[in-house]
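What follows is a single structure, written as structure tokens, with notes after it.
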Amino acid sequence: MTATPLLDSLNDAQQLAVSAPPGALLVLAGAGSGKTRVLTHRVAWLVQTQQISPLAVLAVTFTNKASREMRGRIEELLRMPLGGMWMGTFHGLCHRLLRMHFEAAGLPQNFEILDSDDQYRQIRRVLRELSLDEAHWPPRQIQWAINSHKEEGRRAQNLPAGNDIQQQTLHKIYLAYDELCRRFHLVDFAELLLRSLELLQRNQTIRESYQQRFQHVLVDEFQDTNAIQYKWLRLLSERSKNLFVVGDDDQSIYGWRGARVENLLSFEKDFPGATVIRLEQNYRSSGNILRAANAVIAHNAGRLGKELWTTRADGEKIRLYAASNEIDEANFTVASIESWVAGGNRRDGCAVLYRSNAQSRVFEEKLLSAGMPYRVYGGLRFFERAEIKDALAYLRLVSNRDSDPAFERVVNLPTRGIGAKTLEEIRRCARAQQISLWCAAKQTIAADRLPPRASAAVQRFLEIIAGMTAATADLELGEITDHVLIHSGLLEHYRNECGERAQGKVENLEELVTAARNFTPDETQEMGTLSLFLANAALEAGEGQADEWDDCVQLMSLHSAKGLEFPLVFLCGMEEGLFPHQRALEEPGRLEEERRLCYVGMTRAMKQLTICHAEIRRLYGREHYGQPSRFLKEIPTEHIEEIRATRMARSYTRSSGYGSGHGMGYAHGHASGHASRSSKNAPANSSLHTPTRPATPSATAIADPGFQGLKPGSQVRHQKFGEGMVLDLEGRGEHARVQVNFKDAGQKWLVCAHANLDLV
DNA sequence: GGGTTAACCTTTTTT
DNA sequence: AGGTTAACCC
């Protein structure tokens, strides 16, 4: 028994962390080691035993979901509501700061949040205004570049103009974009963070009041923080020095979007005297799974170092299945799930994990034909759907007519005779006088610069908006939304659209009214409920799928799986080029992140982990010969059991929809399968399929004279590049190409007809 | 203004 | 391959 019941249910390391004395503290929390428990108990402990007011605590997470869950759990522990405690995502908290101190932050009170889609549109608008060709200046890349700058804290004004024309133009676009945002009161996601940081940096009074208020700052998923988030945290905890961060360098999988593991790796250096506590006891996975995951992650260099252990039994070995293609892979997976469910287990205990979302389709098809309910994570979320964004745009105009993004979006939706010409005229007027599109539209009509028809159409649009504003002034949010949907003509527009999708859109719009009716702002401010609703829609896009099925198989990318756990996990598509992803192989330093992703995937599994790879995979209309992922070779063989397909269960051709699966037809191999595992390096030689592979298109390609008898695994010599191994083949005849990994020259695609390759 | 065709892109995702 | 988006034509 410990001093407080809060600590009773914790292990030694967890107790140490939860009851640590004030100061900087890093909890290195391995997968499944009770990270969330430590965070929630820490807050509860501070409040309960240290007489810290919840108002003096700042707790930061990365997702709204995590934040909600954490709040709920702490409230449960304390048996009291945490009402005024500052707890939320970085973006949510920064937004709150900016709303409260908009003036000091140099923002108008009615600033609007741009989500990435809105931001993309604005960038295109800037490109248009600068007369830059989108083909040469891809908006996506510009968006990425601008966000990277902001996330590193670099303002356009402070950037050097750059040496080459590329950099100079980018700089020009960045400047113009920021100017546009300033002019129209727009704040993008990165801007929320940067602006908030600058507010604290520049305004001493505000800074000190928050530094004084927040006696304890706690951060979840610290390995995912980017440069400004880290600065923001340091600044806020500068006075109290109580920064409690929880993270796992081995689960850092968002480096590609600006997250800096370095923040975690150098924590002890940045905070001299900081305590580091390791949580290494894993409560999730059985021994085989855990040791295999440990072995894989051990291949990474530059780790803080951690080795998970468990008191659990070894459990089942990791099942390894070499599928002939992605269809076979899906059939096998579905069959396995079927027998698991037949054994009385829940479907939602099964997860199919993959590297890229494109892989989900085959699984969906097979699950569908097996009559197995499933749920795919990822994809468009509620507030990101086009029809919802249309409706929100109307609401935005009602709340603030000067919102240009909203104006652009719905001025002619449903179509009301306002075409590109008319719009261009209005835009020109707006640009020339630095006024909003709304004002420009008014002026354009007044100045009689439009043909009568167009003029009348614009006039009608302005009246619709003005009419809605007047009519909804005294209504509740739900009724406002309802009114706007009807009087904008939007609902009618989607009702008239035919097809299944249109019906879903109408349903979504109706759901929006429900969402609006149920919306209760969690902060009472001078801002109208409508504005808060709109800000909330941008910050919290809602669940990926509207209807959450009760008990269904879970399909998701490895990234989405972080933080979750399932008794039964399938890790699919474990092939070189797919996982680790080709793009990751091309960029230096990305391989380790892929390995961490693999580690994350493996450690999701509690009872049984199945890893699949396919010898041939059709992806984006091409067929690829994938060698088994290098990560497989990093798993000690004693943790692996190979599953072999009996001939009958195998789906050899793509067209046969054979083998919807009956949980039969797969034979369990034993540890003796090591020899054949190593043979997977040269899949074409595997005795399993070579003799019986029929003339699939790919097999034809191999027999094609263009390939001169090359196949994956062949050793070849090139006059210039030297020796190498064939990785992949595609196309046929004179267009046939071959991918070779040369010892010295690296990976290259060559046209067979010209390459003059010699078989070694 | 609506419907059709052609070009395009396709890692991972939250806010 | 497949889906979306942009240009294009009536």
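Numbered from 1 within each chain, the chains take letters A, B, ... in sequence-line order. Because the structure is a prediction, the values reported are computed rather than measured.
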Exercise for the section: Rounded off to whole Å, could you give me the CD-to-P distance for the A:Glu364 and C:dG3 pair? Expected result: 11 Å
Handout entry: Distance-minimising heavy-atom pair for A:Trp232 and A:Ser196
Key = NE1-OG, 3.0 Å
Practice task
Return no unless some side-chain N or O of A:Arg416 is found under 4.0 Å from OP1 or OP2 of B:dG1.
Solution key: no
Practice task
Measure from CD on A:Glu221 to P on B:dT15 and round the result to the nearest Å.
Solution key: 12 Å
Fill in the blank from the handout: B/S/- along nucleotides 2-12 of chain B (protein heavy atoms under 4.0 Å) is S-------BBB
Completion exercise
Separation of B:dT13 atom C1' from A:Asn226 atom CG, nearest Å, is 14 Å
Problem - A:Ser252 backbone acceptor or donor facing A:Arg596 side chain under 3.5 Å - result: yes
Exercise for the section: Please say whether the positively charged group of A:Arg195, taken as NZ for Lys or CZ for Arg, lies over the ring of A:Phe102, i.e. under 6.0 angstrom from the six-membered ring centre and within 45 degrees of the axis. Expected result: no
Exercise for the section: Indicate the ring-plane relationship of A:His149 and A:Tyr174, choosing parallel, tilted or perpendicular according to the 30° and 60° boundaries. Expected result: parallel
Handout entry: Presence of salt bridge, A:Asp224 and A:Arg260, under 4.0 angstrom
Key = no
Problem - Ring centre gap for A:Tyr120 and A:Trp144 strictly below 6.0 Å - result: no
Fill in the blank from the handout: Rounded to whole Å, the CG-C1' distance (A:Leu192 to B:dT14) equals 13 Å
Problem - d(CZ, A:Phe382; C1', B:dT15) in whole Å - result: 18 Å
Exercise for the section: Would you kindly check if the NZ (Lys) or CZ (Arg) of A:Arg375 is within the cone defined by 45 degrees around the ring axis of A:Tyr377 and under 6.0 Å from the six-membered ring centre? Expected result: yes
Practice task
Output the residues of residues 58-68 of chain A in contact with DNA chain B, where contact means a heavy atom of the residue under 4.0 Å from an atom of the strand; sort by number or write none.
Solution key: A:Phe62, A:Thr63, A:Asn64
Practice task
Measure from CZ on A:Arg140 to C1' on C:dT4 and round the result to the nearest Å.
Solution key: 12 Å
Completion exercise
A:Gln119 CD to B:dT13 C1', in whole Å, measures 14 Å
Handout entry: Near-ring test A:Tyr254/A:His559, centroid separation under 6.0 angstrom
Key = yes
Handout entry: Pair A:Lys35 + A:Asp220, salt bridge at N-O below 4.0 Å
Key = yes
Exercise for the section: Could you measure between the two P atoms, the one in C:dG3 and the one in B:dT12, and give it in whole Å? Expected result: 16 Å
Exercise for the section: Mind checking A:Arg596 for me? I need base, sugar-phosphate or nothing, with any heavy atom below 4.0 Å counting as a touch. Expected result: nothing
Exercise for the section: Can you tell me the distance, in whole Å, between the CG atom of A:Leu193 and the C1' atom of B:dT14? Expected result: 11 Å
